[in-house]
Amino acid sequence: MRNRALAALVCVLLSILVARAAQSPLTIKEISLMLRSGYSNNAIMQELSIRYFAEKLDVEKEKTLLQAGASAELITALKSGKCSLSSEQMTIAQQQIADQTKRRAAEAARSRQFDSLYQSQMARERAAARPQAPNANALRELVKGDLVSLRNGALGHFDDAELEKKKLIALYFSAHWCAPCRKFTPELVDYYNRVATQHPEFEIVFVSFDKSQFAMETYTLEANMPWPAIDFQKLKGKDAIRKYAGDGIPCLILVDATGKVISSTYAGAQYLGPAKVLGDLAAIFAGRVLDNVAQNR
């Protein structure tokens, strides 16, 4: 917002400079902006002696100028009419100003339309480049026979039949070397331990971004991850799943029973964080429909 405001101010000041070059009369708005941008009252008096004043000063306009930093001398000069155009010249100047305002508004509308078209095109290109979500069965087929989980302090084979019962599967992309991951994982473990027994339709699958099997197993044991993970030795064949991680980790991607991605750590290229997905899950478990979740991805 601050950058937009600064850009808008720069555009207005540029407009003032252009108007100055054309020797157009000054308005209350222009004088106020000049004062706020650092012009001295004396400098504005000099401008008025060359370019004149295109309006009549009333109470509200005087208040606007005073708030902008106008001196008593400047106010008096504007009230006296010494810097003002004749009535006929003022009418012409005000018409020219109105025409300029319309032209600028039309140019701004065209610019916004172009920007909207550009953003729409970029969104279509991102959507086309995004991997399509597999259906639920396809997702299970992708990990079938390749899942492991902690049993008595060691990783062992995970029963695929357990995954077939799940209607909500959250893919958790994480790694031991990632400090934000190590910070978030205990929160996720706590969350899972609280909701998993109440919602047997829900499961998390850990997809490791670690650089070795030892690192992955160390991470799994240290965090005491209660969910299954893809066997490190089988990760090389899981590119279709790993692509859902976006550009960074930690990352959660929630898939429903139809295979539709209903909540993501990312909204396009914007990183929202995995806690966003937990919030969407809480809404689902509370029975609230998330019609807009997928639209905000």
Side-chain angles (χ1 to χ4, degrees), residues 131 133-178 180-246 249-265 274-275 277-278 280-282 284-285:
N135 61 47
N137 290 329
L139 179 62
R140 294 179 186 123
E141 286 299 317
L142 284 172
V143 300
K144 187 175 182 179
D146 297 333
L147 294 177
V148 294
S149 62
L150 280 178
R151 293 289 187 275
N152 300 319
L155 287 176
H157 177 73
F158 179 80
D159 186 359
D160 293 326
E162 291 298 316
L163 197 63
E164 293 177 4
K165 304 174 185 177
K166 308 302 179 181
K167 296 181 180 179
L168 291 171
I169 299 173
L171 299 172
Y172 181 43
F173 302 93
S174 186
H176 188 264
W177 52 261
C178 168
C181 296
R182 294 198 307 274
K183 180 179 179 181
F184 174 71
T185 298
E187 299 177 23
L188 186 59
V189 169
D190 179 67
Y191 176 84
Y192 183 90
N193 288 335
R194 285 188 288 107
V195 305
T197 54
Q198 301 173 23
H199 299 279
E201 74 279 13
F202 169 63
E203 188 57 274
I204 294 176
V205 174
F206 172 39
V207 186
S208 174
F209 269 47
D210 283 301
K211 304 183 187 303
S212 69
Q213 181 170 345
F214 175 77
M216 175 205 168
E217 292 182 356
T218 299
Y219 187 24
T220 306
L221 290 167
E222 286 182 354
N224 196 26
M225 295 184 187
W227 48 72
I230 297 176
D231 189 334
F232 187 84
Q233 297 297 326
K234 305 294 181 65
L235 284 172
K236 288 184 178 179
K238 299 295 184 287
D239 290 343
I241 292 178
R242 291 180 68 128
K243 285 180 180 178
Y244 285 99
I249 53 176
C251 177
L252 271 179
I253 303 293
L254 182 66
V255 181
D256 69 7
T258 68
K260 179 182 178 182
V261 176
I262 58 173
S263 183
S264 173
T265 296
V277 178
L278 297 186
D280 291 340
L281 271 167
I284 293 172
F285 293 151

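- The distance from the CD1 atom of I284 to the NZ atom of K167 is 13.0 Å, given to the nearest 0.5 Å.
- Closest non-hydrogen pair, L163 versus F158, comes out as N-CE2, 4.2 Å.
- Counting only distance, with no hydrogens or angles, the side chain of D160 and the backbone of K144 share no donor-acceptor pair below 3.5 Å.
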Begin from the C-alpha positions of Y191 and I204 and carry the test side chain to side chain contact (heavy atoms under 4.5 Å, CB included) through to its verdict.
CA-CA 11 Å; Y191 176 84; I204 294 176; 5.6 Å; no
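- A223 and T185 get closest at one heavy-atom pair: CB-CG2, 3.7 Å.
- The only member of L235, V205, L171, I253 that meets side chain to side chain contact (heavy atoms under 4.5 Å, CB included) when paired with I241 is L171.
- Counting only heavy atoms from C-beta outward, the side chains of T265 and I249 never approach each other to under 4.5 Å.
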The test is side chain to side chain contact (heavy atoms under 4.5 Å, CB included); show your working for L155 and L221 and say whether it passes.
CA-CA 9 Å; L155 287 176; L221 290 167; 5.9 Å; no
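- The line from OG of S208 to CZ of F173 is 11.0 Å long, rounded to the nearest 0.5 Å.
- Separation of atoms CD1 (I169) and CG (L254) is listed at 9.5 Å; rounding is to 0.5 Å.
- The minimum heavy-atom distance between P200 and K166, with the atom names listed, is O-NZ, 2.9 Å.
- Between H157 and S149, the closest heavy-atom pair is O-OG, 4.5 Å.
- Rounded to the nearest 0.5 Å, atoms CZ (F184) and CG (L252) are 5.0 Å apart.
- Rounding to the nearest 0.5 Å gives a distance of 5.5 Å between OG of S174 and CE of M225.
- Between C181 and P250, the shortest heavy-atom contact is SG-N, 3.5 Å.
- T220 has its side chain out of reach of F232: every pair of non-hydrogen atoms, C-beta onward, lies at least 4.5 Å apart.
- No side-chain donor-acceptor contact under 3.5 Å links D146 to the backbone of D231.
- Looking at H176 and R182, their side chains come closer than 4.5 Å, going by heavy atoms from C-beta outward.
- Relative orientation of the F206 and Y172 rings is tilted, given thresholds of 30° and 60° on the angle between their planes.
- Using a 30° and 60° split on the angle between ring planes, F202 and Y192 fall in the tilted class, from 30° to 60°.
- Between A240 and Y244, the shortest heavy-atom distance links the atoms O-CE1, 3.2 Å.
- For the atom pair OH of Y219 and CD of E222, the computed distance is 9.5 Å after rounding to the nearest 0.5 Å.
- Of the possible donor and acceptor atoms, one in the side chain of N193 sits under 3.5 Å from a partner among the backbone N and O of V189.
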